[in-house]
Amino acid sequence: MKVPGRSRFWMWLPFLQLLVSSKQPEGVAGPAGERPRGRGAAVPQRKPWVLDGCRRLSGLLRQKAAVLNKLEDAIRAVERDASLSDQEKLFQVHTLEIFQKELNESENSVFQAVHGLQRALQGDYRDVANMRESSRQRLEALRAAAIKEETEYVELLAAEKHQVEALKNMQHRNKSLSMLDEILEDVRRAADRLELEIEEHAFDDNKAVKGVNFEAVLRLEEEEADSQQNLSRREVEEDLGLSMLIDSQNNQYILTRPRDATIPRADHHLIKDIVSIVMLSLPCGWLCTAVGLPTMFGYIICGVLLGPSGLNSIKSIVQVETLGEFGVFFTLFLVGLEFSPEKLRKVWKISLQGPCYMTLLMVAFGLVWGHLLQIRPTQSVFISTCLSLSSTPLVSKFLVGSSRSDKEAGDIDYGALLLGMLVTQDVQLGLFIAILPTLIQAGAGAHASVTMEALRLLALVGQVVFSLVAVLLVCLLVRTYLVGPYCRKLHAESKGNKEILVLGISAFTFLMLTVTELLDVSMELGCFLAGALVSSQGHAVAEEAVSYVEPVRDFLAIVFFASIGLHVFPTFVLYELTVLLVLTLAVVVMKFVLAALVLSLLLPKTSQYVKWIVAAGLAQVSEFALVLGSRARRARVISREVYLLILSVTTLSLLLAPLLWRAAVARCAPRPERRSSL
C-alpha cells in the first residue's frame, strides 16, 4: 500500500530552516516563559527554542514514518492470515487504514499551521482586507478539517459495526442457535440489507459538488420545564434528528429526509403552527365580519399576530407558505369553473390587449419617475412591473361573492372580462420570471451589449409565446379526448364515495399544473385551465365539483392569507405611515386611472360602465409582488429599503381593495337594469 506524506518532511525542511533564520517582528511575544527585556536578549533564547522545536518535529516525523511501515506490515499479515474470517479481516484492515489516515492528517495539520504562521508574519496588521483574507483561509481550513474528522468518525462507527458482526459470527460458530435465534438473525440481516438499499449517501455525494459550501451550524433542542424530561427529549431528538439547525446567517433548517427512513416521523413545529393559525383565524375572521370587512383580512391579521412582527410563534414559515400555495391552486380552479369559453369569446381581445397596454404604460411612468429620482432603469422596470400586477385570488373572492345576475347584466360580463385580464397578467408573470435573470445581469453590469440583450429578450418572448401555443394545443386535446370520458368515469365510480371525486378533481388539477410548469408557464394558469376544462362539460358537473372542492379551498385559503400576514410588519408601517399612505394612494389611483383609460378605448360604447368595476378590481398590487421582490432582493436588483416599500404598498393596497370594489359595484352595477327598463 502506498502511504502518502512519508517524504513530506524533506520537502518542508528548507522552509523550516528559513523560519529559524528569519527575524521575528518586534512586539510578538515568545512562545514560552517570560518575555525577555532587551532586544538583543531575545535572539539567543528564541533561536534555541525554534531549533529544539524543529528537532522534535523531525523526530516525530521519523517516528511516524516507522509506524506507517509497521502498519503496512500489519495489514499484509492480516491479509495472509487464513485463520481469520472475511469480516474479521475487513474489520482489522479497516482499523489500521483509519490509523494511517489519522497520522497523515496530523502531519498535514502541522505544516498548514506553519504555513499560516508564515502568512501572518508577512502580513500587515493595518490592512483589514489582508486580515479578512487570512481569516477566510483559516476558516476554510477548519471547515475542511471538520469534514475530514467527521468522515473519520463515520468510518470508526463502521469499523465498530464490523467488529460487532465479527464477534457475533464467532459466537454463532461456537454455539448452536435455536430456531427463534436463527429467525431473528435472518431478520437482522434482511434489515441491514434494507437500510443499505434505501440509505442515501447525500453528504458524501454532494460535498464535492461545485457550489457546495461547508458551514458551521447550531443544533437547537426543545426546552422543557422538567430537566429529566428535557434530557430524555433531547436524547430522542438526537436519535431521530428532529432538532432545528441554525447557520451563521440566521437561517433555520428543519429535517426534510431522515437517514433512517424506516421510522415514521412528524414535524411537530409545522403541526403547532397550523393549529395556532386555525385557532386564531376564527376570532379574527369573526371580528372582520362584525365590522363589515372580508374575512381574509382577519386571516392576514392572524398571520401578523403570530409572525415575526407579533408573537413570533411560527417556526416553519417556509412550510406554512408552501401549504398556503395549495389554497391559491384550488382558488384558481374554482375561478376556472366560473369562466366559461362562451364568455371568453366575447372578451378575449380586450382581455389580451388591456393588461399589455397597462403594463407598458406603468413601465413608461416608472422610467420617467426613475429618471427624475435618479433610479437605475433596471430597478424602475422591475418596480413598475411588480406594481402593474393584480391579485387573482383576491378578485376571485370578490367575484365569488357577487351574484351571477349582476355579473351578466349588460352586453359584457365584467366578471369574465376581469378574469380574462387577470389570466393575461398571470401569463405576464411567467414571462417576467423568465426575464428576471436578464434584469439581474443588467443590474450587475454583466451584459455584453444592448443588441445582445435585446436579442436575448426577444428569444425569451418567443419561448413564452411558443409555450402558450403548446398549452392551448394541450388544452384542445384534453378537452376533445380526455376530460369528457374522465368526468363520466369519475362520476360513475364516486357514487357513495366522495373522497374518490375529491381525489379525482385534485389529480386532474395537479396534472394541468404539472403540464404548464413543464412548458415554462406559471402553475397558477394550469389550475385555472383545469377548472375551465371541467366547466366545459356542463353546469351540473361544475356545480358538483364546486360542492366538493370548495371546503378544501376554504381551509387552504386561510393558511395562504395567514402566510401573507407573516410578511407584514406593522412597526415599519407606523414609522413610515405618511410616506406609505401617499405611495399606496398614488399607486392605486394610477392603476385605476390607467385601467379606466385603456378600457375606455377598448370597450364598446354600450358597455362603458363596466370599465369602472374592472378598474376597481385591478387597482391593487398582487401578492406575487412579494415573491418577485424577495427574488430581486436576494439577487441585489433592489435594496432592502425598496423591498420593504414594495411589501408595505402591496399590503396596504390589498386592504383598500374591498372598499374600492364595493363602491364601484354599488355605483355602476345597477346601470344596465335602468337602461333596460327604458
Side-chain angles (χ1 to χ4, degrees), residues 1-22 31-32 47-121 137-167 169-170 201 203-208 214:
M1 174 182 291
K2 182 178 179 182
V3 180
R6 181 184 300 173
S7 60
R8 186 168 295 182
F9 169 72
W10 309 109
M11 299 169 57
W12 283 85
L13 186 58
F15 178 67
L16 292 174
Q17 292 176 351
L18 178 63
L19 282 179
V20 172
S21 60
S22 63
K47 281 188 176 181
W49 180 87
V50 176
L51 290 174
D52 183 61
C54 290
R55 283 193 294 267
R56 290 183 181 180
L57 180 59
S58 176
L60 289 174
L61 293 177
R62 285 195 296 267
Q63 184 179 359
K64 173 245 180 185
V67 172
L68 288 178
N69 289 329
K70 293 181 180 180
L71 290 175
E72 286 185 351
D73 296 337
I75 291 175
R76 286 192 292 268
V78 170
E79 292 175 347
R80 290 193 301 265
D81 193 352
S83 62
L84 298 176
S85 63
D86 293 338
Q87 291 183 346
E88 291 173 343
K89 288 182 180 180
L90 181 62
F91 163 69
Q92 295 187 16
V93 171
H94 196 185
T95 305
L96 295 173
E97 288 177 349
I98 291 175
F99 190 50
Q100 283 181 335
K101 186 183 296 185
E102 184 176 358
L103 291 174
N104 291 325
E105 292 299 332
S106 300
E107 179 187 0
N108 292 335
S109 300
V110 171
F111 291 114
Q112 285 178 359
V114 173
H115 181 68
L117 177 60
Q118 185 197 26
R119 187 174 62 248
L121 291 174
Q137 293 180 5
R138 288 194 302 270
L139 184 59
E140 292 295 334
L142 288 174
R143 288 171 176 171
I147 294 299
K148 292 178 181 178
E149 193 67 29
E150 188 78 22
T151 304
E152 183 177 342
Y153 178 73
V154 173
E155 292 178 351
L156 287 173
L157 292 178
E160 184 180 7
K161 184 177 181 180
H162 293 156
Q163 182 183 20
V164 172
E165 292 179 355
L167 292 175
N169 291 330
M170 292 177 61
H201 300 280
F203 186 85
D204 295 331
D205 296 340
N206 295 314
K207 66 181 181 181
F214 301 109

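Every heavy atom of this structure was used, including side-chain atoms; hydrogens, water molecules and symmetry mates were not. This one's a predicted model, so the numbers in the text were calculated from it and none came from an experiment.
- Open room surrounds CD on Gln63; 12 or fewer heavy atoms of other groups in view lie less than 6.0 Å from it.
- A side chain to side chain contact (heavy atoms under 4.5 Å, CB included) with Leu68 is found for exactly one of Lys70, Lys64, Glu72, namely Lys64.
- Every residue two or more places apart in sequence or in another chain was checked for a salt bridge (Lys or Arg N to Asp or Glu O under 4.0 Å) with Arg80, and none qualifies.
- Annotation: side chain of Gln100 is not in contact with side chain of Leu96 (no heavy-atom distance under 4.5 Å).
- In this structure Arg55 satisfies the side chain to side chain donor-acceptor pair (under 3.5 Å) test with no other residue, sequence neighbours excluded.
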